[in-house]
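What follows is a short report on a single structure.
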There are 2 protein chains.
Amino acid sequence: MERHEIEAFLTLAEELSFRRATDRLGLAQGRVTQIIQKLERRFGVPLFERTSRRVALTPAGETLRDELLPAYEQVRRAVANAVAVGRGTAVPLQVGYSSPMAADLILRAADRFTERYGGGVQIHEVQLADPFGPIRTGQVQLQVTELPVREDDLVVGTVLFTEERLVMLHRDHPLAHQESVELEELADSTLVVFAGDTPRYWRELHYPRHTPSGRPIAHVEAAYWQEALSMVGAGKGVTFACARAELYYARPDTVWLPFHGAPPIDYGIIWPRHGATPRVKAFIDILETYRAG
Amino acid sequence: MERHEIEAFLTLAEELSFRRATDRLGLAQGRVTQIIQKLERRFGVPLFERTSRRVALTPAGETLRDELLPAYEQVRRAVANAVAVGRGTAVPLQVGYSSPMAADLILRAADRFTERYGGGVQIHEVQLADPFGPIRTGQVQLQVTELPVREDDLVVGTVLFTEERLVMLHRDHPLAHQESVELEELADSTLVVFAGDTPRYWRELHYPRHTPSGRPIAHVEAAYWQEALSMVGAGKGVTFACARAELYYARPDTVWLPFHGAPPIDYGIIWPRHGATPRVKAFIDILETYRAG
DNA sequence: TTTCGTTACGTTAGTCGTAAAGATT
DNA sequence: AATCTTTACGACTAACGTAACGAAA
């Protein structure tokens, strides 16, 4: 199909009136009729059912419209993006992250991305209190974040890296003098659970309610991460975090210990179901090639 | 961009040689040069860097190739599909299901789909022993199946329907005379776990290892679903299934009872990450509108 | 009679082919 | 000299516009 044929077909499919379609396309009377007839002769398939009073799509026409419209729009976007890249006016890709380690990885990938596609990359820290807000509002186009993520409108890519978990204890806690802590040993402790707006499946995976042998672990909720830190500092319980957290959230009244018995935290890429533009896909590709390094 | 421009650009981007590109396109010497020059003048952006010995894509050219190629292929598919629909030669959509209730829903949606898009729908039962095999090999293009599904190469749609769980007991089991069973009451029973090739997260959600109060539940594995049924029939344990299973797997030596305390099973649509063709999307749309009814 | 889709025909833009000229190894 | 890209120019296809025709409200 030629461009003018695609435009004529899609316009007519939308307007369902030869007159309005020719007007919108700025063509002469009869032209749209000629173009559509030629298409139908070439395909050997009617695309519209028409009387002099009504124009309707045939099933074949509906299929063509449904599949052609997104393809045609992508052609236009492709040209616009290429021109933007060539002129250096491409808009920066907005990328979210929820861990400093993810930011490192993103910034390394950003250089290679900008080299090839231009436009640059802007990073945004995403608070765990609202982990999917920015990606849902379009503030970021993709995000590197803690797994698992199971949201109907978000697609999850492969695991990028894995972070060991630490346990944060008050320095007077009975376990604080040990070299490391097993999950089993937390049976008699209270676990400070960072609730926020994190999904339930996320909390259930990160904060177990039982030890491997089945003994219960008491929970107490904290609405904000800083609140969780304070509660541990006040001796009201222990909590978990990824290994890097030690560098950012050190306090004099607490100690961090390696933690065994619960799986480490996976980090992966997420993006909106319908947001996988070629630029986004390209950045995901680069991220995944940097995964190993 | 016109069709001949797209074809010239993509061919040159692949061959990186004006001579080979003109040959492959069956055009006269110099034509590809003219077409590319015209594009570059119109866009105001160079797409290729060329000496008389080397042709390479500029960053703008790379962007254009990456985004244009899939769009162009979709245009061709769109035409082919529309012609197939119009001639009644469209290939049937292959849909998998793992529960009889899903089959009902699929068949209702299939009528509406065939009405609009033609080609029909073929359904295939997917064995839980290998829940993702057929969709990965392309035997089915989408599948209605038990959630959760967390596979990197599969996309999960919204929840279509929810099925209550039953517990299957031997008729001499201490709980068999009750009206219903609570999860807590299974603390002293053995649970027959249908293992097969189901992913670990799936088994962990469907077969708890502890009661709500933390008492352990013993597990014994069965490789096949029929084996699980036999084991329950032999009094070696109890097992779970969705409500409809009672109709299909009734045995004289066992009873089915309503089961409380574990969440019901969600059923949803899954499809391959890169398999969301317009036809597949259309069928998903129809399925989701039939969800309520 | 007006409105809408179709048909007929002449005009023109632009795609294509031929042929020759630069450029680089 | 050989191979590749570029330029110049004429021919012809087909996209386009103008104008008239047929059918339905």
Side-chain angles (χ1 to χ4, degrees), chain A residues 1-62 64-65 68 72 75-76 79 86, chain B residues 1-62 64-65 68 72 75-76 79 86:
Chain A
M1 281 181 87
E2 307 298 324
R3 181 191 51 79
H4 75 274
E5 292 173 331
I6 293 174
E7 285 178 350
F9 171 80
L10 289 177
T11 308
L12 180 59
E14 191 185 334
E15 294 286 353
L16 293 177
S17 153
F18 281 82
R19 202 182 66 79
R20 285 198 300 274
T22 43
D23 284 355
R24 252 184 57 181
L25 292 165
L27 295 177
Q29 290 297 334
R31 273 268 63 213
V32 173
T33 301
Q34 292 174 10
I35 294 168
I36 299 299
Q37 280 178 341
K38 188 170 180 179
L39 274 180
E40 290 175 323
R41 260 187 296 124
R42 190 183 326 142
F43 294 168
V45 160
L47 298 172
F48 294 90
E49 278 173 4
R50 38 211 194 267
T51 68
S52 47
R53 226 49 184 178
R54 224 178 74 86
V55 176
L57 283 157
T58 62
E62 282 192 349
L64 189 61
R65 186 243 295 141
L68 199 57
Y72 177 65
V75 169
R76 295 173 59 98
V79 173
Chain B
M1 281 181 87
E2 307 298 324
R3 181 189 52 78
H4 75 274
E5 292 173 330
I6 294 175
E7 286 177 350
F9 171 80
L10 289 177
T11 307
L12 179 59
E14 191 185 333
E15 294 285 353
L16 294 178
S17 154
F18 282 83
R19 202 182 62 82
R20 284 199 299 275
T22 40
D23 285 356
R24 250 183 59 181
L25 291 166
L27 294 177
Q29 290 297 338
R31 274 272 56 217
V32 173
T33 300
Q34 292 173 10
I35 294 169
I36 299 298
Q37 280 179 340
K38 187 168 178 179
L39 274 180
E40 290 176 324
R41 270 209 321 273
R42 193 186 320 146
F43 294 167
V45 160
L47 299 172
F48 294 90
E49 279 173 3
R50 38 206 192 268
T51 70
S52 49
R53 226 51 183 178
R54 226 178 73 85
V55 176
L57 283 157
T58 61
E62 283 192 347
L64 189 59
R65 186 241 296 140
L68 199 56
Y72 177 65
V75 169
R76 294 173 58 99
V79 172

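Chain letters run A, B, ... following the sequence lines, proteins first, then strands; residues in each count from 1.
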Provide, to the nearest angstrom, the distance between the [atom1] atom belonging to [X] and the [atom2] atom belonging to [N].
X: R31(A); N: dA20(D); atom1: CZ; atom2: C1'; result: 17 Å
X: D23(A); N: dG5(C); atom1: CG; atom2: P; result: 10 Å
X: Q29(B); N: dC9(D); atom1: CD; atom2: C1'; result: 17 Å
X: Q34(A); N: dG17(D); atom1: CD; atom2: C1'; result: 9 Å
X: E15(A); N: dG5(C); atom1: CD; atom2: C1'; result: 16 Å
X: I35(A); N: dG5(C); atom1: CD1; atom2: P; result: 14 Å
X: I6(B); N: dT15(C); atom1: CD1; atom2: P; result: 13 Å
X: R19(B); N: dA23(C); atom1: CZ; atom2: P; result: 21 Å

Quiz item: What's the spacing between K38(A) NZ and R41(A) CZ if we round to 0.5 Å?
Solution: 7.5 Å
Self-check item: Spacing of T22(A) atom OG1 and L12(A) atom CG [to the nearest 0.5 Å]
Solution: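 Atom-to-atom, T22(A):OG1 and L12(A):CG are 9.0 Å apart.
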Practice problem: Output the single nucleotide from dT6(C), dG17(D), dG14(C) whose closest atom is nearest the side chain of F18(A). | Solution: dT6(C)
Quiz item: Counting side-chain heavy atoms from CB outward, which of dT15(C), dT18(D), dA8(C) is closest to A28(A)?
Solution: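 The answer is dT18(D).
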Practice problem: Look at atom CZ of R76(B) and say whether more than 12 heavy atoms of other residues, nucleotides or ligands are closer to it than 6.0 Å. | Solution: no
Does a nitrogen or oxygen in the side chain of [X] sit under 4.0 Å from OP1 or OP2 of [N]?
X: R50(A); N: dT6(C); value: yes
X: Q37(A); N: dT7(C); value: yes
X: K38(A); N: dA15(D); value: yes
X: T33(B); N: dT5(D); value: no

Quiz item: Hey, does the side-chain of R53(B) have a donor or acceptor N/O within less than 3.5 Å of a partner on the base of dT3(D)?
Solution: yes
Practice problem: For V55(A), report the nucleic acid contact type (base, sugar-phosphate, nothing); a contact means any heavy atom under 4.0 Å. | Solution: sugar-phosphate
Quiz item: Does a side-chain N-to-carboxylate-O contact under 4.0 Å join R31(B) and E5(B)?
Solution: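 Answer for the salt bridge query: no.
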Quiz item: Mapping G26(A) and T51(A) to their closest nucleotides on DNA chain D, which lands nearer the 5' end?
Solution: G26(A)
Exercise. With DNA chain D as reference, determine whether G30(A) or R3(A) sits nearer its 5' end, using the nearest nucleotide of each.
Key: R3(A)
Exercise. Could you point out which residue of R24(A), R20(A), R65(A) forms a salt bridge (charged side-chain N to carboxylate O under 4.0 Å, His left out) with E14(A)?
Key: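 One option only clears the test, and that one is R24(A).
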